[in-house]
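Heads up: the structure comes next, in structure tokens.
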Number of protein chains: 2
Amino acid sequence: MQRFILSAKLTITLKILITLGLVNVCQYLKAEDGYRLWLRYDKVENAQQLAAYKQSVTQVLFSGNSPTISAARKELFQGLSGLLQLQPTETKTVSQNGALLIGTIATTPILSELNLKSSLEKIGTEGFFIKSVKINQKNATIITANTDTGVLYGVFHFLKLIQTGQSLSNLSIENSPKLTHRILNHWDNLDRTVERGYAGFSLWEWHKLPDYLDPRYTDYARANASVGINGTVLTNVNANALILTPAFLEKVKALAGIFRPYGIKVYLTTRFSAPVEIGGLKTADPLDAEVQMWWKKKAEEIYTYIPDFGGFLVKANSEGQPGPQNYGRNHADGANMLADAVASKGGIVMWRAFVYDDKVPDDRAKQAYNEFTPLNGKFRKNVFVQVKNGAIDFQPREPFHPLFGAMPQTPLMMEFQLTQEYLGFATHLAYLAPLFKECLDSDTYAKGKGATVAKVIDGSLHKYSMSGMAGVANIGNDRNWTGHPFGQANWYSYGRLAWNPALSAEEIAEEWIQMTFTNDSKALNSIKEIIMGSREAVVNYMTPLGLAHLMGYSHHYGPGPWVSNKKRDDWTATYYHKADSAGIGFNRTSTGSKALSQYFPPVKAQLENLQTCPEKYLLWFHHLPWTHRMKSEKTLWEDLVGHYYLGVEQVRNMQKTWDSLKGSIDEYRFAQVKSLLSIQEKEAVLWRNSCVLYFQQFSKMPIPAGYEKPAHPLTYYEKLEYKFVPGN
Amino acid sequence: MQRFILSAKLTITLKILITLGLVNVCQYLKAEDGYRLWLRYDKVENAQQLAAYKQSVTQVLFSGNSPTISAARKELFQGLSGLLQLQPTETKTVSQNGALLIGTIATTPILSELNLKSSLEKIGTEGFFIKSVKINQKNATIITANTDTGVLYGVFHFLKLIQTGQSLSNLSIENSPKLTHRILNHWDNLDRTVERGYAGFSLWEWHKLPDYLDPRYTDYARANASVGINGTVLTNVNANALILTPAFLEKVKALAGIFRPYGIKVYLTTRFSAPVEIGGLKTADPLDAEVQMWWKKKAEEIYTYIPDFGGFLVKANSEGQPGPQNYGRNHADGANMLADAVASKGGIVMWRAFVYDDKVPDDRAKQAYNEFTPLNGKFRKNVFVQVKNGAIDFQPREPFHPLFGAMPQTPLMMEFQLTQEYLGFATHLAYLAPLFKECLDSDTYAKGKGATVAKVIDGSLHKYSMSGMAGVANIGNDRNWTGHPFGQANWYSYGRLAWNPALSAEEIAEEWIQMTFTNDSKALNSIKEIIMGSREAVVNYMTPLGLAHLMGYSHHYGPGPWVSNKKRDDWTATYYHKADSAGIGFNRTSTGSKALSQYFPPVKAQLENLQTCPEKYLLWFHHLPWTHRMKSEKTLWEDLVGHYYLGVEQVRNMQKTWDSLKGSIDEYRFAQVKSLLSIQEKEAVLWRNSCVLYFQQFSKMPIPAGYEKPAHPLTYYEKLEYKFVPGN
């Protein structure tokens, strides 16, 4: 199949192979265009391992026949036929060593003899249990759970054991998600453009739905289920009310039907003014009885299409979106009205805390906290407040959002962004798990030491009744789903961290590389080296030392430290960096905007004090003179310049390491990533030169000796204009 | 690779195969998602044939080393490795039977002994020559040409012989294109939306160009070269001047570099007002010296990027586009200015005749003729006037455009539309070759009998110095390129007819089916039956008996016979069908708009006379009472209704025939086409019911007994609204 796509690289390969007489045409069918993501299921290369695996899977006893169990069975056979080149026989009894028993306790009577009750109690409704046991004196492996979805997750985990070269002997795995809601947010418009989407256009072909069901929808569901993602918001938070009309609900129903067997619920965004726009009402006031009734009826209607509809995600009174404040009501009023409409069916509302207003004369970083903390405990039980990881907007680095820990009576849901709006779009390699982890591991001190953001989010700190994480998807109709092959790692790691925030970025990277690229340890280590340092490289060449929001106006592409005098001050760069001849940085201490006072005292104390404030957050909280002496003994100016140059250097090192992989990984992705890294290097230089030259106007200090000089003067960079930037 | 996409269908297949013990994992890699188009190169199934082919290709002598020859070599080896599972050795001398000699005369000295001069003179610069010969007493086959591109075309033809199961013995093939310019027109916008595009979004990823070169660009070039397409206009005729700025020319250059080895030149659309919009001039008057100089310099600049740049396609003074008439000049003034700018580099201008204006009180069908015939002979030598096949706009059926034959001194280029703007988008199966042929075979009588449109277009009738055909592309970033798998047949057949307008729709269909689906004669015949009747089915359920322009407003989706009172009268349906209680149809005879007078007398006479006017064009030219007696003896009303019902019946028969193919073709495309046919059936019923009920208001006659009644009253259909229709 894939020979076709390979044409450009085929000659060289063919020549070599022809010479060697080694051509196996089947090989050409396997061009790695990235479509298969981490579910590649290629034959295990190590012959010894392969033989051992085959001994562990000689017969399969699959019980149950729900659509979810069918999906699990399909996956297992697909996985084994690839990984082990094996089609184990399905039997009803264990008659030889290497039996694999799969099913829930309820559908697998034989399991009831194994005394698994206490284990099964521990794993809840979505967890699974994989254990090596003896049945009829034969060695067997059981994959079981309390629910069909748990079984499906168990099957994916079992396949991963093989994909990552782990032993199948003496297994005893209990695994269950730490968070109840693990959800992708697609910012997909109904015309298939994707706001801040850089991987092509929306997967959802609304025009052909509900009749034509692209097999890709199923593969999307498989990928999500394989990492435990259990919900998807199909539409943009900047919402269109038409998604709630029958013509579109019919289409949503079709997608929900495909996703359901994979344990994935469908959610929609709501436009708060929908009762006026499509309902013919005069108002959308959440305290108006008619409006409340309209939403109740609308919710009932949705549930007739999708009986397990997940609920609503809402962006209200933010960046021009309508909301309860248009009617003098607060966020709780708005959220509760919607929550009441879906409560009886088990639906939830995810109400975004991403609100700020340039009419409010306060630091943008403070506004969400100011608006939401007074509403702590005022929301219905089925409402999440969804909070971005930082107080501004998905920057390459932000300190954790002060709302985490500050709303003990209202479940907070984490909102991470997988699409790299501010980290180089789909052309920069930036592994985001370290960014996610930096936030999750931050200590809020909400209940003294150890009150990490992860503990807020997983509900354990405040005993939330539900817990959740949202990831703004980086998925589009590009063949490889995410544009950049390494964007897949962000989808993957988001899912893994939503399942268990305690996992390390490194262990996730390792398993992702093994499944996506190779089990060869040398190549694996090289790729790991690249991805583990990638996010810090981006921080260095874009926004080091706590700087933020320096990107191009509106489209957010490329550097724009000079952006000022726009429609809104809080959409400019100068608002954030505040560079002047006296120095640089946003003073958020008690002598400045006092944003630091929103943190619990130990955090505030640490960050307020220049001696203890980590330099990575320095200019986020402090305005400091260019001559400020850094821990490196350099001046702030020199240190800042050093970071910009280091960022470029890091990209060049990534290039070198990548080049060393030639031959160790497939040609297709090797060439693709090589091209993308060269774009990244070019743009990193653009960022560095633009920012260094721009800030130099104020520092009036030289670029230290030894650094390559920017190729052009500042005016050149300021004049660069970009048209038709995607995702805008 | 493709196992992944197959997941949904894998279980059943797997179960069967597991039972039979026949699983070959390699099979799963070959899901037919349509990406490979007609260049599938799967192993020849007939063992005898395979053996014979292998004897004919035992060694290869490839001469030359240009990029084009490299592309040809790559293609040959890719093709043979798939079709024959063979990697023939490359040698320098013929040492055994079955040698394949490939190269131009100039690079292949051995060929000069074969006395091929006269043959090579006949085939010109793009033709090729495939011949069975004896060299050193051994059987050999030569593929040769005067140019590298000819060699490439010959290689594709040679592979096609194998793909379609033809003998490789006693070959003597001389083949050369009848038209010099065979060009795709992409109506692709710079934001990657495609005007009237229904196969996803634009292939051109402007943002990542020129650095990232998607391997798909190469496959696009391969597909085009395989059918002889030698030019591509990258951008929409509703043009954006920014494509002419350096940032974009750099990107165009990258694409041109990929396409060049495949014999494909790049063209761009120009916005006539570009000198004002991006040039800073005060005017775009084509007679203004400064404007002329601006275009000259712009052309020079373009040629520094793309030394073999093809030229410009221009839509001017049409549907709101600026043009020379804005300055009181005519089309020739505009075209000649641009032609002068590119002439010295061999560039051409394709100036569209698609002009009409609702301010002009004459029949829209007459306006292009009226505007352009006075300009006959007034254009520079390097200007084509590009004329749509019919006088309105790519309707399911139109009589040929009266301009064909009417401009003997100005080369006319045919403009066909492959994207099915008016034939059901990418969800309806409609093979357009019969539509193309109907036009090409029409006799204009420009020089007496036998002066077909094809002879106008190929230049033979008027001795044009160049000849051309344009196809408005139906290609997008959908995995299978054209959305509907059968849309590929329209791309294919367009290319084949541009190469040779004398080919029949049926022979093209046959070879396309063989290459794209199967060589099994039963299945082939079933598929041929479906596609050969498909366009007539669309005509029947949309616009039978010469009706036209009955579709939905603006987006052109679905039926809209009731569309009236819009911004422009010539954008309504009522303007075209003129149904009233007296009858239906547009009177273009001498008692009406006199459009018929634009045809040569024998044509006019035939169409004017109700006895001789083919009923398929009846209502295009005549307004007739509902009781008009048809050849079928039925009234016009009954006959009209009969056509609408027949159209639906034809789609249902297509469904039945398709269903009979289960098992004979791959699962993926079987299921996909089945889904699409069911959408087509649903929409055919919608068209039928809407049109029959709408016209019934005027005829006041019953739907004849025996026909199924429309499910809803007319008002239901009139109220249907479609949002976010693609391609709009």
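Every heavy atom of this structure was used, including side-chain atoms; hydrogens, water molecules and symmetry mates were not. Since the structure is predicted, the reported quantities are computational estimates derived from the model, not experimental observations.
- With a threshold of 4.5 angstrom between heavy atoms, B:Lys674 does not approach chain A through any atom at all.
- A:Leu242 has its side chain within reach of B:Phe724: a pair of non-hydrogen atoms, C-beta onward, lies under 4.5 Å apart.
- When each of B:Asn189, B:Asp191, B:Leu190 is scored by its heavy-atom pairs under 4.5 Å with chain A, the top score falls to B:Leu190.
- Shown here is B:Asn65, whose CG atom has no more than 12 heavy atoms of other residues, nucleotides or ligands within 6.0 Å.
- No other option in B:Trp206, B:Tyr722, B:Tyr557 has as many heavy-atom pairs under 4.5 Å with chain A as B:Tyr557.
- Ring-centre distance between B:His207 and A:Tyr198: not below the 6.0 Å cut-off.
- Of the two parts of B:Glu721, neither the backbone nor the side chain holds a non-hydrogen atom closer than 4.5 Å to a non-hydrogen atom of chain A.
- When heavy atoms are compared at a cutoff of 4.5 Å, A:Asp478 approaches chain B solely by way of its side chain, counted from C-beta outward.
- When each of A:Gly200, A:Ser675, A:Ala247, A:Ala71 is scored by its heavy-atom pairs under 4.5 Å with chain B, the top score falls to A:Ser675.
- In terms of non-hydrogen atom pairs under 4.5 Å with chain A, the most contact-rich of B:Gln672, B:Arg192, B:Lys208, B:Glu205 is B:Gln672.
- Between B:Phe201 and A:Phe201, some side-chain heavy-atom pair lies under the 4.5 Å cut-off.
- Among A:Thr427, A:Leu676, A:Ile679, the one residue that satisfies the side-chain contact (heavy atoms from CB on, under 4.5 Å) test with B:Asp211 is A:Ile679.
- Checked against ring pair (Phe, Tyr, Trp, His ring centres under 6.0 Å), A:His556 has the following partners two or more places apart in sequence or in another chain: A:Tyr422.
- Only the side chain of A:Asn240 comes within contact range of chain B, with at least one heavy atom under 4.5 Å from a heavy atom of that chain.
- Atom CZ of B:Arg479 is separated from atom CG of A:Asp214 by 11.5 Å, given to the nearest 0.5 angstrom.
- For the pair B:Phe248 and A:Lys723, the minimum side-chain heavy-atom distance is below 4.5 Å.
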